[in-house]
Amino acid sequence: MANQKLLMALQRAGDKLNRARPIDHTAYFPDERSISNFLSFLVKNKFKVTARDNKGIPGFPLRLQFTRTDLPAIASLSRLTMELRSQAARCNGTYDGWETILLK
């Protein structure tokens, strides 16, 4: 549902969603070991880490931001976010979502 809302907002702003672009993701983790486990998944799937800091949320004090260039299509983004959510949970973390740039 969140993916659909973000894509619809991009379309309302004039984005045709027909070009790949950097899509930035955020996940939170309780400790460094959890992040390290998640990083192996990111490397395997060609994501680039853009930030790793202590700006987390209650219960998950560590924030990890990462990006990959993808086409913003509902089917592929839904599969990707489900996989990221599942993998973050396996690593004791929580996936928070994505954002991207507007292309007209």
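Just so it is clear, the model here is predicted, and its values are computed rather than measured.
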Quick one: side-chain hydrogen bond (donor to acceptor under 3.5 Å, both in side chains) partners of [X], sequence neighbours excluded?
X     : value
Tyr28 : none
Thr26 : none
Asn92 : none
Thr67 : Asp24

Looking at [atom1] of [X] and [atom2] of [Y], how far apart are the two atoms once the value is rounded to the nearest 0.5 Å?
X      : Y     : atom1 : atom2 : value
Asn3   : Leu80 : CG    : CG    : 8.5 Å
Ile101 : Arg19 : CD1   : CZ    : 8.5 Å
Thr94  : Leu84 : OG1   : CG    : 11.5 Å
Ile23  : Phe66 : CD1   : CZ    : 11.5 Å

Checklist entry - Is a side-chain N or O of Ser78 found less than 3.5 angstrom from the main chain of Ala75, in a donor-acceptor match? => result no

Next on the checklist: Tell me every residue that passes ring-ring contact (aromatic ring centres under 6.0 Å, His included) with Phe29, counting only those two or more places apart in sequence or in another chain.
Outcome noted: Phe38

With sequence neighbours left out, which residue pairs that include part of [range] fulfil the salt bridge (charged side-chain N to carboxylate O under 4.0 Å, His left out) condition?
range           : answer
residues 94-104 : none
residues 6-16   : Asp15-Arg21
residues 69-83  : Arg68-Asp70

Identify, with sequence neighbours excluded, every residue that meets side chain to side chain contact (heavy atoms under 4.5 Å, CB included) alongside [X].
X     : result
Leu39 : Ile35, Leu42, Val49, Arg52, Leu64
Ala51 : Asp53, Gln65
Ser86 : Arg90

Taking all non-hydrogen atoms of both residues into account, name the closest pair between [X] and [Y] and its distance.
X      : Y      : value
Leu102 : Ala13  : CD1-CB, 3.7 Å
Pro22  : Thr100 : O-OG1, 2.6 Å
Leu7   : Pro72  : CD2-O, 3.5 Å

Next on the checklist: Taking Phe41 as the starting point, is it possible to reach Leu77 by hopping between hydrophobic residues whose side chains are less than 4.5 Å apart?
Outcome noted: yes

Next on the checklist: With clusters defined by side-chain heavy atoms of hydrophobic residues (ILVMFWY) lying less than 4.5 Å apart, directly or transitively, does Leu17 cluster with Ile74?
Outcome noted: yes

Next on the checklist: Once ring pair (Phe, Tyr, Trp, His ring centres under 6.0 Å) is applied, what residue pairs with a partner in residues 79-104 remain, sequence neighbours excluded?
Outcome noted: His25-Tyr95

Checklist entry - Any side-chain donor paired with an acceptor under 3.5 Å for Asp31 and Ser34? => result yes

